[in-house]
Number of protein chains: 2
Amino acid sequence: MRIGELSERTGTSRRLLRYYEEQGLIVVERSPNGYREYDERYVDRVLQIKGLLEAGLPTRIIKRILPCLDQPRAIYVSHATPETIAVLERECDRMNERIRFLVHNRDSISAYLDEVRRGRGPDAPETDPGSDTTPAATSSEESVGSRADL
Amino acid sequence: MRIGELSERTGTSRRLLRYYEEQGLIVVERSPNGYREYDERYVDRVLQIKGLLEAGLPTRIIKRILPCLDQPRAIYVSHATPETIAVLERECDRMNERIRFLVHNRDSISAYLDEVRRGRGPDAPETDPGSDTTPAATSSEESVGSRADL
DNA sequence: ATTGACCCTCACACTTATGGAAGGGTTTGA
DNA sequence: TCAAACCCTTCCATAAGTGTGAGGGTCAAT
């Protein structure tokens, strides 16, 4: 498939697909006319990259991590230099920290939301579990920080 | 305390402390001479901000989330507009996704590392659990991508 | 009274992940 | 054959988080 289709199937802009390639995250074949030609596997690969970026890893690290995430893994074992392994170990630690922190703060926010919902009772306006519509940002965007100070 | 001490105690550059203030994440008193004057609570607050940034949240969101993370929480309940609550709910969802993804990928990397370690046997060079020294980046920084392509 | 260690603001610069437009090919379909 | 819809590269732009330096105060100790 060409870049447009991959873009649609992964929800990633063409621009970014080219960027990922430029960063060495993916290596893409070219048709004789110079067009990029992707096969099915790139759909997953791109989604994986997107996810890792979402998770806060920089492309530089993703580039190193990706080859270790392939399915028939044992084959690649020998490709890692001790230095890459060290990088991976450090990154694993960082991910663990990240996870701990994320969980902790998610719990805090969750608890807060629970309280708000309970405090307001069932007359709360948007407490409709099951509707996940992202309400268009209203006008009062900046009027929230009434007591956001320490 | 002044900015230098807070900087040392939180491992955050002075520049960043000023930046957090500029972004409205913290509100800081000034001494008569114009110096910023922080009290103890800022240590935790700054660490929290750092953590949330680490976790990938932008300051704009952190600004909203922070007041909900205070200890005597119930007091602040009424400060949240329905719109802020919606933001929080969405952010909570995103955090959950992030966590899932992070856990999944950490497990993959973990599994990979295990395999590498087992595959290489006990003669592996740097498999010294307990030493967490970050080895100074060696020269072969870019020579890793031997087979990082799809 | 001067030095050195702080602090201040302002401002420019860099990186990363993105968006976007310019200028120019290719393919496809009417 | 002409237009629409793709594709290409190159370059410029932006936001966020940071670093760094200039130019200039404050203050404590010598």
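Within every chain, numbering begins at 1; the chains are lettered A, B, ... in the order of the sequence lines, protein sequences first and strands thereafter.
For the pair A:Arg14 CZ and D:dT10 C1', the interatomic distance rounds to 18 Å; values are reported in whole Å. Separating the CD1 atom of B:Ile61 from the C1' atom of D:dA15 is a distance of 14 Å, rounded to the nearest angstrom. Between the CD1 atom of A:Ile3 and the P atom of D:dA5 there is a distance of 19 Å, given to the nearest Å. Here D:dC7 presents its C1' atom at 17 Å from CD of A:Glu29, a figure rounded to the nearest Å.
The salt bridge (charged side-chain N to carboxylate O under 4.0 Å, His left out) check on A:Arg36 picks up A:Glu21, with sequence neighbours excluded. Legend: residues meeting ring pair (Phe, Tyr, Trp, His ring centres under 6.0 Å) with B:Tyr38, ordered by chain and number and at least two apart, are B:Tyr42.
The environment of A:Glu8 atom CD is sparse: at most 12 non-hydrogen atoms of other residues, nucleotides or ligands sit within 6.0 angstrom. In B:Glu29, the CD atom is not crowded: 12 or fewer heavy atoms of neighbouring residues, nucleotides or ligands sit closer than 6.0 Å.
Rounded to 10°, the helix from C:dA1-D:dT30 to C:dA30-D:dT1 has 10° between the axis fitted to its first five pairs and the one fitted to its last five.
A pairwise comparison of heavy atoms in A:Val28 and A:Glu37 identifies CG1-O, 3.7 Å as the closest pair. A:Ser110 approaches B:Cys92 most closely through the heavy-atom pair OG-SG, 4.0 Å. In plain terms, the two heavy atoms of B:Asn105 and A:Leu52 that are nearest each other are CG-CD2, 3.6 Å.
Two residues are said to be in side-chain contact when any heavy atoms from C-beta on lie closer than 4.5 Å; A:Arg98 and A:Leu57 meet this criterion.
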Classify every nucleotide of nucleotides 25-30 of chain D by which part a protein heavy atom approaches to under 4.0 Å, writing B for the base, S for the sugar-phosphate alone and - for neither, in 5'-to-3' order. BBS---
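In this structure, A:Arg94 pairs ionically with B:Glu54, as a charged nitrogen and a carboxylate oxygen lie closer than 4.0 Å. Salt-bridge check for A:Glu5 with A:Arg9: passed, with a basic side-chain N closer than 4.0 Å to an acidic carboxylate O. A salt bridge is defined here as a Lys NZ or Arg NE, NH1 or NH2 lying under 4.0 Å from an Asp or Glu carboxylate O, and A:Arg117 with B:Glu89 meets this definition.
Here the CG atom belonging to B:Leu66 is positioned 5.5 Å from the CD atom belonging to B:Gln48, to the nearest 0.5 angstrom.
With a heavy-atom cut-off of 4.0 Å to chain A, the contacted part of DNA chain C has its first and last nucleotide at C:dT16 to C:dT27.
Criterion: ILVMFWY side-chain heavy atoms under 4.5 Å apart, direct or through other members. Under it, B:Tyr20 and B:Tyr35 are not part of a common hydrophobic cluster.
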Strictly under 3.5 Å: I want the nitrogen or oxygen pairs between protein and nucleotides 17-21 of chain D, one per line.
| unit_1 | atom_1 | unit_2 | atom_2 | d |
| --- | --- | --- | --- | --- |
| D:dG17 | OP1 | B:Thr59 | N | 3.0 |
| D:dG17 | OP2 | B:Tyr19 | OH | 2.7 |
| D:dG17 | OP2 | B:Thr59 | OG1 | 2.8 |
| D:dT18 | O4 | B:Arg15 | NH2 | 2.9 |
| D:dG19 | OP2 | B:Ser13 | OG | 2.9 |
| D:dG19 | N7 | B:Arg15 | NE | 3.4 |
| D:dG19 | O6 | B:Arg15 | NE | 3.3 |
| D:dG19 | O6 | B:Arg15 | NH2 | 3.1 |
| D:dT20 | O4 | B:Arg15 | NE | 3.1 |

